[in-house]
Visitor: 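What follows is a single structure, and I will ask about it in a moment.
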Number of protein chains: 2
Amino acid sequence: MPATGLPHGAVPKLERPGPLRERVYEALLELITTRALRPGQHLVESELAGHLGVSRQPVREALQRLNTEGWVDLRPAQGAFVHEPTEEEADQLLTVRTLLEAEAARLAAASADGAGIAALEELCAKGERAVLDDDVDGAVAANAAFHAEVMRLAGNAVLSELAAQVDRRVRWYYTPVARQRGKQSWIEHRELIAAITTGDEQRATAVMRAHTEHTRRTYHERERS
Amino acid sequence: MPATGLPHGAVPKLERPGPLRERVYEALLELITTRALRPGQHLVESELAGHLGVSRQPVREALQRLNTEGWVDLRPAQGAFVHEPTEEEADQLLTVRTLLEAEAARLAAASADGAGIAALEELCAKGERAVLDDDVDGAVAANAAFHAEVMRLAGNAVLSELAAQVDRRVRWYYTPVARQRGKQSWIEHRELIAAITTGDEQRATAVMRAHTEHTRRTYHERERS
DNA sequence: CATGGGTAAACTGTAGACAATAACCAATTC
DNA sequence: GAATTGGTTATTGTCTACAGTTTACCCATG
């Protein structure tokens with residue numbers, strides 16, 4: 001290796017636009033999760049293409065990826081429709097999410113690590129601060145970051161990737177009721193950190209399971225609001 | 001509804017070709033799982049297209065789906081390469097598989113059902129027969145069918161879909177050593193059926209976990225063969 | 001002999017054009 | 001008047017062509 005003398009991070013990494021399909025994919029996913037594209041809506045390739053300033057091909061590829069990941073339904077010879085979540089499906093997703101997150105918590109507890117725990121505590125503090133400030137977006141972001149960090153500590157890439165997809169969809173269903181669960185959520189996070197710190201796999205699993213189950217309850221009780 | 005006088009089943013259902021990308025996808029997946037396309041191999045779109053008698057476009061779409069599902073790695077501006085499984089990844093996949101299958105077993109036990117149990121027993125018998133006949137392919141197929149049936153009984157579509165993908169990849173890694181685990185596997189299946197029949201969720205989970213963990217052991221001990 | 005530059009080939013990424021298919025609507029017949 | 005049939009339109013599925021990048025090889029040069 002040649003000695004360039006340049007530290008890795010210092011290189012500006014001159015912007016690579018990256019494949020168009022990726023950007024289209026992310027743009028569409030953003031539009032779906034923000035409800036700019038509503039469930040059941042018919043997505044016409046040429047419209048999207050024109051709207052995004054690209055050709056139909058990248059749009060097609062993005063739509064197909066969204067299809068395999070469950071965001072849109074691709075009816076043959078008819079086109080793409082934004083997926084309509086059902087009660088049953090939301091419930092099943094929450095079940096799977098509970099499973100994956102609980103396992104991640106167990107693995108994280110098993111391979112406890114000082115630096116990782118510090119990161120968790122920082123994210124937890126950030127979330128608590130956001131809740132006190134009534135910063136909903138900040139709290140949601142901190143929550144996602146917290147769970148992602150637990151996933152990272154688990155050190156299982158396959159698990160992490162699956163959980164990322166499931167979590168994102170759960171959050172999509174769940175966003176409308178997200179504000180209800182603010183303070184209590186972070187108390188539970190503190191408990192989880194404690195369990196991970198002491199390396200108590202059983203307790204970490206139990207706490208995370210209770211945490212996500214609690215989330216499910218909140219979801220199912222949302223009608224009365 | 002017009003009375004055509006034609007019974008439903010009698011219509012030959014003249015072959016619906018289905019979207020080309022689907023068929024290309026299945027063809028490529030078959031080629032990969034059978035090792036006709038070996039890990040690390042560079043897949044050139046135009047070659048595949050010519051070989052399959054279609055244009056590049058369906059091949060592209062199939063490759064991208066294979067990419068999102070972890071079968072091929074898609075390096076930008078360079079093309080598709082058959083994914084090379086690592087030890088670590090195989091281990092992580094087995095962990096996730098254990099998780100998903102165990103949960104499926106629990107759910108299946110919770111919603112025990114006479115017809116379902118009968119189906120399981122039949123598949124089990126078929127598998128045992130295949131083992132006695134040294135019919136390896138038949139045994140592998142019966143094994144897959146058995147696990148798929150447990151999944152179906154669990155009644156969780158999301159879980160089922162995830163497990164299907166994970167299982168298929170696990171089986172890809174695992175196929176070379178599949179013959180080692182013949183008879184014992186089906187004894188464990190019998191235990192699982194017993195647990196499901198009595199609706200014992202705890203025991204069903206434990207049995208399935210032991211079963212898949214056993215599979216993992218076998219995998220990791222394969223070098224010495 | 002090693003090294004650097006430059007050129008060419010191969011492949012992917014994107015765009016545009018054409019064919020096929022399914023829904024929609026009106027006209028027609030029983 | 002209802003149902004069926006034929007035409008029409010909009011949209012997807014597929015193919016072909018072209019531009020952009022990366023890689024590898026070869027030749028010139030120190």
Side-chain angles (χ1 to χ4, degrees), chain A residues 1-6 11-28 31-32 37-38 40-68 71-84, chain B residues 1-6 11 13-28 31-32 37-38 40-68 71-83:
Chain A
M1 177 183 293
T4 61
L6 285 172
V11 183
K13 222 160 187 184
L14 53 97
E15 297 201 32
R16 293 219 336 214
L20 269 194
R21 54 162 177 260
E22 287 291 331
R23 288 188 287 174
V24 173
Y25 166 79
E26 284 166 21
L28 289 180
L31 289 174
I32 291 176
L37 298 175
R38 285 164 312 184
Q41 185 168 345
H42 185 192
L43 303 179
V44 178
E45 294 178 356
S46 45
E47 278 185 19
L48 297 175
H51 195 274
L52 296 173
V54 298
S55 152
R56 265 183 60 208
Q57 175 113 351
V59 174
R60 271 183 76 78
E61 296 175 351
L63 284 177
Q64 298 197 9
R65 180 166 169 196
L66 289 170
N67 177 42
T68 70
W71 294 99
V72 306
D73 299 323
L74 216 49
R75 283 190 259 176
Q78 187 167 357
F81 295 80
V82 179
H83 181 72
E84 302 195 56
Chain B
M1 181 182 290
T4 61
L6 286 172
V11 184
K13 217 157 189 186
L14 56 99
E15 298 199 29
R16 284 220 327 207
L20 269 195
R21 53 163 180 257
E22 288 292 331
R23 287 189 289 175
V24 173
Y25 166 80
E26 284 166 21
L28 289 180
L31 289 175
I32 291 176
L37 299 175
R38 285 165 312 185
Q41 184 168 347
H42 184 191
L43 303 180
V44 179
E45 294 177 355
S46 45
E47 278 185 21
L48 296 176
H51 195 274
L52 294 174
V54 299
S55 149
R56 267 182 57 208
Q57 176 112 350
V59 175
R60 273 183 74 80
E61 296 175 352
L63 285 177
Q64 300 196 8
R65 180 166 169 197
L66 289 170
N67 176 42
T68 68
W71 294 99
V72 306
D73 299 322
L74 217 48
R75 284 189 259 177
Q78 188 168 356
F81 296 79
V82 179
H83 180 71

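Order of the sequence lines fixes the chain letters, A, B, ..., with proteins taken first and strands second; residue numbering starts at 1 for each chain.
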Visitor: What is the separation between atom OH on A/Tyr25 and atom C1' on C/dG13, rounded to the nearest whole Å?
Guide: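 Atom-to-atom, A/Tyr25 to C/dG13, this comes out as 20 Å.
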Visitor: Side chain of B/Val44: nearest nucleotide among D/dG13, C/dC11, C/dG13?
Guide: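 So the side chain of B/Val44 is nearest to C/dC11.
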Visitor: Rounded to whole Å, please give me the gap between CD in A/Glu47 and P in D/dA10.
Guide: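 It is 12 Å, rounded to the nearest whole Å.
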Visitor: I need the CZ-C1' distance between B/Arg21 and D/dC15, as an integer number of Å.
Guide: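 After rounding, the reported distance stands at 15 Å.
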Visitor: Judged by atom type as modelled, is there a donor-acceptor pair below 3.5 Å linking the side chain of A/His42 to the main-chain atoms of A/Gln78?
Guide: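 Yes, A/His42 side chain to A/Gln78 backbone: donor-acceptor pair under 3.5 Å.
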Visitor: Considering only NZ, NE, NH1 and NH2 on the basic side and carboxylate oxygens on the acidic side, decide whether A/Arg65 and A/Glu26 come within less than 4.0 Å.
Guide: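 No, no charged N to carboxylate O under 4.0 Å.
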Visitor: D/dT12 phosphate, OP1 or OP2: any side-chain N/O from A/Arg60 under 4.0 angstrom?
Guide: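 For D/dT12, OP1/OP2 do not have a side-chain N/O of A/Arg60 under 4.0 Å.
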Visitor: For the pair made of CG in B/Leu74 and C1' in C/dC11, what is the distance, rounded to whole Å?
Guide: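 So the CG-C1' distance, B/Leu74 to C/dC11, works out to 13 Å.
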Visitor: Taking A/Gln41 for its side chain and A/Arg38 for its backbone only, find out whether a donor-acceptor pair lies under 3.5 Å.
Guide: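 Present.
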Visitor: Are any of the side-chain heavy atoms of A/Leu48 and A/Val24 separated by less than 4.5 Å?
Guide: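 Sidechains of A/Val24 and A/Leu48: no contact.
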Visitor: B/His83 and B/Asp73: side chain to side chain contact (heavy atoms under 4.5 Å, CB included), yes or no, with the steps?
Guide: CA-CA 6 Å; B/His83 180 71; B/Asp73 299 322; 3.0 Å; yes
Visitor: For side chain to side chain contact (heavy atoms under 4.5 Å, CB included), just list the numbers for B/Arg60 and A/Gln57, CA-CA rounded to whole Å, side-chain angles, deciding distance to a tenth of an Å, and then say yes or no.
Guide: CA-CA 11 Å; B/Arg60 273 183 74 80; A/Gln57 175 113 351; 3.7 Å; yes
Visitor: At under 4.0 Å between heavy atoms, what does A/Leu43 touch on the DNA or RNA strands: base, sugar-phosphate, or nothing?
Guide: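 Sugar-phosphate, backbone atoms only, no base.
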Visitor: I want to verify a distance call: between C/dA23, D/dT11, C/dT14, whose nearest atom is closest to the A/Gln78 side chain?
Guide: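 Closest nucleotide to the A/Gln78 side chain: C/dA23.
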Visitor: Round to a whole Å and report the spacing from CG of A/Leu63 to P of D/dT12.
Guide: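 To the nearest whole Å, that distance equals 9 Å.
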Visitor: Using whole Å, what does the distance between atom C1' of nucleotide C/dT12 and atom CG of B/Asn67 come to?
Guide: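 One finds 14 Å between C1' of C/dT12 and CG of B/Asn67, rounded.
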Visitor: Between atom CG in B/Leu48 and atom P in C/dC11, what is the gap in whole Å?
Guide: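 Computing the B/Leu48:CG to C/dC11:P distance gives 11 Å.
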Visitor: Within the sub-3.5 Å range, which N or O atoms of nucleotides 15-19 of chain C have a protein N or O partner, and how far apart are they?
Guide:
residue: C/dA15; atom: OP2; partner: A/Ser55; partner atom: N; Å: 2.9

Visitor: Take the protein atom CD of B/Glu45 and the nucleotide atom C1' of D/dT14, then report the distance between them rounded to whole Å.
Guide: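 In whole Å, D/dT14 C1' and B/Glu45 CD are 15 Å from each other.
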Visitor: Could you tell me whether the side chain of A/Val72 reaches within less than 4.5 Å of the side chain of A/Phe81, counting heavy atoms only?
Guide: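 Side chain of A/Phe81 against side chain of A/Val72, heavy atoms only: no contact under 4.5 Å found.
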